[in-house]
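Here the structure comes first, spelled out in structure tokens, and everything after it is commentary.
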Amino acid sequence: MKRGDQLYSGKAKTVFLTDEPNRLILHFRNDTSAFDGEKTAQLDRKGLVNNKFNAFIMSKLEQAGIKTHFDRLKSDTESVVKRLDMVPIECVVRNIAAGSICKRYGVVEGIDLHPPTFEFFLKDDARHDPMVNEYHIRAFGWASEEEVAQMKASTFQVNTVLSELFASGGMLLVDFKLEFGRYGGELLLGDEFTPDGCRIWDAETREKLDKDRFRRDLGGVVEAYEQVAARLGVPLE
Ligand code: TMP
Ligand code: ASP
């Protein structure tokens, strides 16, 4: 497969066309950003670690019956994916309070959420990804009622599968964000699942092993991602 023109460059990944109309190449870069692109840095090895981490997680989700855009690894920092028509919505599930939910409602970080809490956000950095509800999504035509239901059900299914996977490595899946897109008549999980888009804590010490290390200047960002990968058995080399 040949890499074609650049289609889009985001904060951490660049998307390329290929010689197959239904396939794209995702290039995971070392660029790291937080706070809607306000804070940025280059972190050595992050592109490689996230590419392989994402491939591992997407394959686990496929094995559990969740349909994703992932096709195959292409190189250390590139993957081949199906070309989706993306829904501009971010789906977040939270098992433990952290991040924006604490600020928004004045709750303490670390409390268990029963039931796990679901939120939709509009993917729009310029507006700081405002929270939206399913009426906004349908009324503005971002997705249909059926797609909203599918995104929600699929995100909870991912939570069940991955909470168990992280628990097997002695970790807590605190929260995560997913994005979906259309492919033919289907809605598939798109984008990525890496420690850039979720919160993962050590189950005993509650040490942060995700992008909060970068947001909060805790250091050892990629080292933490590699530790998570090692605990899950993600092959990095
Ligand atoms: P939040 O606490 O900032 O709302 O984020 C919840 C989870 O979703 C956290 O794991 C980070 C992830 N997330 C992203 O990766 N990108 C985003 O744009 C947003 C809003 C959340
Ligand atoms: N991924 C988003 C950004 O880079 C949100 C965040 O991680 O803080 O701005």
Side-chain angles (χ1 to χ4, degrees), residues 8-13 15 26 28-29 31-41 43 46-47 49-51 53-54 57-58 61 68 86-113 115-133 136-137 142-143 151-152 154-156 158-159 161-163 165-166 171-181 189-202 206-218 221-222 224-225 228 232:
Y8 170 80
S9 191
K11 288 173 290 189
K13 296 191 294 301
V15 184
L26 295 187
F28 288 78
R29 308 192 314 267
D31 297 299
T32 307
S33 87
F35 311 120
D36 304 318
E38 250 175 54
K39 175 174 176 173
T40 60
L43 299 177
K46 197 196 67 142
V49 173
N50 274 7
N51 184 42
F53 194 97
N54 178 63
I57 298 287
M58 290 285 171
L61 294 176
T68 81
M86 293 305 289
V87 175
I89 295 295
E90 303 186 335
C91 300
V92 170
V93 163
R94 303 174 191 271
N95 297 301
I96 298 175
S100 72
I101 201 173
C102 295
K103 281 198 196 129
R104 204 182 317 126
Y105 304 121
V107 298
V108 180
E109 181 179 90
I111 60 167
D112 285 345
L113 299 171
T117 299
F118 186 94
E119 296 167 345
F120 287 117
F121 296 91
L122 178 64
K123 194 174 167 69
D124 186 342
D125 276 345
R127 292 183 172 76
H128 301 291
D129 293 346
M131 193 199 273
V132 292
N133 68 33
H136 299 126
I137 296 173
W142 293 318
M151 289 192 291
K152 205 165 161 178
S154 188
T155 305
F156 275 117
V158 168
N159 189 44
V161 174
L162 296 187
S163 291
L165 180 71
F166 284 101
M171 295 172 282
L172 298 169
L173 180 58
V174 173
D175 60 29
F176 62 93
K177 180 266 298 179
L178 301 180
E179 296 178 31
F180 294 85
L189 175 60
D191 191 47
E192 66 177 69
F193 191 103
T194 68
D196 273 358
C198 66
R199 290 191 173 90
I200 303 159
W201 294 351
D202 179 271
R206 298 208 154 197
E207 183 188 3
K208 296 181 197 305
L209 302 171
D210 55 67
K211 200 163 85 173
D212 270 348
R213 299 201 69 84
F214 173 68
R215 295 189 187 96
R216 301 185 180 198
D217 297 320
L218 299 175
V221 181
V222 178
Y225 291 19
V228 177
L232 295 179

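Side-chain atoms are counted along with the backbone in the values below, which use heavy atoms only and exclude waters and symmetry mates. Along the sequence shown, residues carry numbers from 1. The structure displayed is predicted, hence computed values, not measured ones. In listed order, ligands and their atoms are each counted from 1.
- In this structure, the separation between CG on L232 and CZ on F166 is 5.0 Å, given to the nearest 0.5 Å.
- At under 3.5 Å, a nitrogen or oxygen of R94, whether backbone or side chain, sits near a nitrogen or oxygen of ligand 1.
- Close approach of ligand 1 to D129 is summarised as follows: ligand atoms under 4.0 Å from at least one heavy atom of the residue are 17 (C), 18 (O), 20 (C).
- Geometric assessment of K39 against the ring of F214 yields a positive cation-pi assignment under the 6.0 Å and 45° thresholds.
- Of the charged side-chain nitrogens involved, none lies within less than 4.0 Å of a carboxylate oxygen, so that R199 and E109 do not count as a salt-bridged pair.
- For E119, the heavy-atom gap to ligand 1 stays at 4.0 angstrom or more.
- Proximity to G99 (heavy-atom distance under 4.0 Å) selects the following atoms of ligand 1: 2 (O).
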Item to check | Check against side-chain contact (heavy atoms from CB on, under 4.5 Å), H136 and W142 | outcome: CA-CA 8 Å; H136 299 126; W142 293 318; 4.1 Å; yes

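- When each of K13, R29, K11 is paired with E192, the salt bridge (Lys or Arg N to Asp or Glu O under 4.0 Å) condition holds for K13 and for no other.
- Residue E119 forms a salt bridge (Lys or Arg N to Asp or Glu O under 4.0 Å) with just one option from K177, K152, R104, and that option is R104.
- At least one heavy atom of A98 sits less than 4.0 Å from an atom of ligand 1.
- A salt bridge links E207 with R213; the closest basic N to acidic carboxylate O contact falls under 4.0 Å.
- Residue R215 places no N or O, backbone or side chain, under 3.5 Å from any N or O of ligand 1.
- Closest heavy-atom approach to atom 19 (C) of ligand 1 within the set K103, H128, R104, E90: this belongs to E90.
- Nearest to atom 5 (O) of ligand 1 by heavy atom, out of K177, R199, K211, is R199.
- Contact atoms of ligand 1 toward D175: 6 (C), 7 (C), 9 (C), 10 (O) (distance under 4.0 Å to a heavy atom of the residue).
- Between F53 and F193, the angle of the ring planes stays under 30°, which puts this pair in the parallel group of the 30/60° scheme.
- The closest approach between D196 and ligand 1 falls below 4.0 Å for a heavy atom of the residue.
- The heavy atom nearest to atom 2 (O) of ligand 1, out of those in A97, S100, P195, C198, is found in S100.
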